[in-house]
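Written below as structure tokens is the structure these notes are about.
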Amino acid sequence: MARSQRSRRSNGKTSEVFQPFWEGFAVQPSWHERALDVAEVPGAGRGWVARRQVQKGELLLSIPRVAAIEVDMDEDMEGWEAELALNVLRRLDRLGPAADPRLRQKHELQALWQDYAKTFPEAPAGAAFWPQDAIITLGWPATVEQLLAYSQQIQESAQWVSGNGNVPRDAACWAVSAVITRSFAVDDEVRAMIPLADIFNHEPRSASSDVHEVAWSLEGDRFEVHAPQTVMPGEEVRICYGEESAAELLAVHGMVLPKNEADYLEVFESVEDLVAAVESICGAPRRDRLARLEVIPVDDLLVRPGRLEASEPLLRALQAMLCEDDELCDPGERRLRLVCSEERQQSLRLEALLLLAQILRGALRVIQDMPDAGSPDLAVRYRRHVAEMLNQFVREANDASSAGVLKRLFRRKRRCCVGETVIT
């Protein structure tokens, strides 16, 4: 994905809307010295674009801590959504009449926050707020299972906010949606709603990407955000939100990006699922291999977009399933390693490719057979996105396996010819 995106420059009116907030929240540098403008970005809504060349590491925004709405982060990092959402309603003076009087607060920036909140979406967009039957139409089993669980968590947070804030359920869902889409974790200390920082659009970042996450820092009594990379004038400045997969972005932000190099699909929920799938296809028992495979992290059991190498950890796990016992390293080693010839390893890799392609073709048929009618538009887009990822892997696997077979035939023919020459 491109490092940054050329944006349609603002005519000035869009940025002028945010000038009172920049000055009212005492953001540094000053409005006239800022490096950023707010512009309408095609396909992404509002975003920050560079007014001039921005150097990597340059200070973009420095916001007083008093302007933010925040909660301290516990070690388990759970429950912050409900607590922060309630704090947002307190800051906006939107608590119901029967709410605990001790929750009410008057803040010097309350009126400014009330105006700023009017720039937020009026209703949640994330799939976590969909009804269960709509979530099921996403089709991919791991996505459906995880999103149903996350939706339950979010709905429980909204219920807690509704009860403690004495607000309607819709208002509680709005507040929870605002904090999960517009807040930031800073230095693993706080989770904060930081005005104007929430205008940055998302840039996916994979482990191999040269796009770095935004450099947040909590310096004294100010939040600071620094440029994650050098950006030219007129280009959009984006940051990584933290979510990676299309499923995560859909659940929280209600969007499916056309390209996302950080995306992945969970094919097997666990090593046990991997073993069961191989046994069902190959017919040979592999349960005795479970203890040897415990060293495989669950994060390795993923299909990723791009070349086959992006899914190499999963292919290695399948090779470990397909090889003979004496072709695996000593059980005492805390990693999987084949101890067979290079030619045998190439043969096992080819078998792993064909096996995984067979599994994904079956999943692809299920996704493609799901009717579009009755599904949310975003669910249809997500299924098509999943189908394209699966198709891409199957095509790559077919090409690689064909090339591998031809290479092996060439090597055999070459050995035969060499042998005949020697005999002659």
Side-chain angles (χ1 to χ4, degrees), residues 10-41 44-49 51 60-71 81-97 99 103-126 158 161-162 165-184 186 190-201 221-225 236-237 239 241 253-254:
S10 169
N11 59 10
K13 293 182 180 179
T14 305
S15 283
E16 288 173 4
V17 170
F18 290 89
Q19 182 176 356
F21 302 124
W22 189 290
E23 295 176 341
F25 287 123
V27 177
Q28 294 178 357
S30 71
W31 175 255
H32 298 291
E33 295 175 335
R34 72 192 188 285
L36 306 174
D37 259 335
V38 178
E40 293 296 328
V41 181
R46 286 192 300 262
W48 286 118
V49 299
R51 303 177 69 202
L60 298 177
L61 299 173
S62 176
I63 303 103
R65 190 167 186 175
V66 69
I69 306 171
E70 64 181 72
V71 292
E81 302 98 336
E83 187 178 349
L84 185 54
L86 186 62
N87 283 350
V88 167
L89 294 175
R90 294 174 65 196
R91 180 67 59 90
L92 299 178
D93 194 23
R94 293 187 184 178
L95 298 179
L103 291 176
R104 301 189 185 280
Q105 64 173 203
K106 291 296 181 182
H107 193 277
E108 58 184 303
L109 297 174
Q110 190 167 73
L112 193 61
W113 258 105
Q114 289 171 340
D115 289 338
Y116 187 67
K118 295 175 183 177
T119 68
F120 295 2
E122 295 182 357
V161 172
S162 178
N166 185 230
V167 297
R169 184 60 177 265
D170 287 350
C173 286
W174 175 88
V176 172
S177 176
V179 302
I180 65 175
T181 58
R182 311 182 80 86
S183 68
F184 299 89
V186 182
V190 298
R191 188 84 189 192
M193 294 276 286
I194 305 173
L196 298 172
D198 54 1
I199 297 176
F200 288 107
N201 283 319
D221 59 353
R222 303 186 74 87
F223 293 104
E224 293 186 350
V225 56
E236 186 182 8
V237 182
I239 64 176
Y241 288 171
H253 300 279

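Residue numbers count from 1 along this sequence. Computed from a predicted structure; not experimentally measured.
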remark   = Heavy atoms of V161 and A85 approach each other most closely as CG2-CB, 3.9 Å
ask   = Which atoms form the tightest heavy-atom contact between A99 and L95, and what is the distance?
value = CB-CB, 4.0 Å
ask   = Is there side-chain contact between R94 and W174, with heavy atoms separated by less than 4.5 Å?
value = yes
key: Test side-chain contact (heavy atoms from CB on, under 4.5 Å) applied to M193 and Y116, step by step   = CA-CA 12 Å; M193 294 276 286; Y116 187 67; over 6 Å; no
remark   = Distance col, row K118:NZ vs L92:CG, nearest 0.5 angstrom, shows 10.5 Å
task = Mind checking the CZ-CG spacing from R182 to L84? Nearest 0.5 Å is all I need.
result = 12.5 Å
task = Report the C-alpha distance between L36 and I199 in whole Å, list the side-chain angles of each, state the deciding distance to 0.1 Å, and finish with yes or no for side-chain contact (heavy atoms from CB on, under 4.5 Å).
result = CA-CA 11 Å; L36 306 174; I199 297 176; over 6 Å; no
ask   = Rounded to the nearest 0.5 Å, how far does CG of L60 lie from CG of L196?
value = 12.5 Å
remark   = What one should report as the nearest heavy-atom pair of T181 and H253 is O-CE1, 3.5 Å
message = Can you confirm whether F120 sits close enough to V88 that some side-chain heavy atom of one is under 4.5 Å from a side-chain heavy atom of the other?
response = no
query = Can you check whether R46's main-chain N or O pairs, donor with acceptor, with N201's side chain at less than 3.5 Å?
reply = yes
remark   = Residues at least two apart in sequence or cross-chain that pass side chain to side chain donor-acceptor pair (under 3.5 Å) with Q105, listed by chain then number, are R91
ask   = Can you check whether V190 reaches R65 side chain to side chain, under 4.5 Å on heavy atoms?
value = yes
inquiry  = Show the nearest heavy-atom pair for residues A158 and A172, with the distance to one decimal.
reply    = O-CB, 3.3 Å
task = Test V27 against F18 for side-chain contact (heavy atoms from CB on, under 4.5 Å), laying out the working first.
result = CA-CA 11 Å; V27 177; F18 290 89; over 6 Å; no
key: Nearest-0.5 Å distance that lies between atom OG in S162 and atom CG in L89   = 10.0 Å
Side-chain heavy-atom pair L61, F25 within 4.5 angstrom cut-off = no
ask   = With a 4.5 Å heavy-atom cut-off, do H107 and W113 have their side chains touching?
value = no
task = Identify the two heavy atoms, one from A67 and one from L109, that lie closest to each other, and give their separation to 0.1 Å.
result = CA-CD1, 3.6 Å
inquiry  = So V17 and V38, do their side chains get closer than 4.5 Å, heavy atoms only?
reply    = no
request  = Return the orientation label for the W48 and W22 ring planes: parallel under 30°, perpendicular over 60°, tilted otherwise.
outcome  = perpendicular
ask   = Roughly how far apart are R90 CZ and R104 CZ, rounded to 0.5 Å?
value = 10.5 Å
note = Note: G47 and E236 closest approach over all heavy atoms is CA-OE2, 4.0 Å
task = Could you pull out all residues at least two apart from S183 that satisfy side chain to side chain donor-acceptor pair (under 3.5 Å)?
result = R191
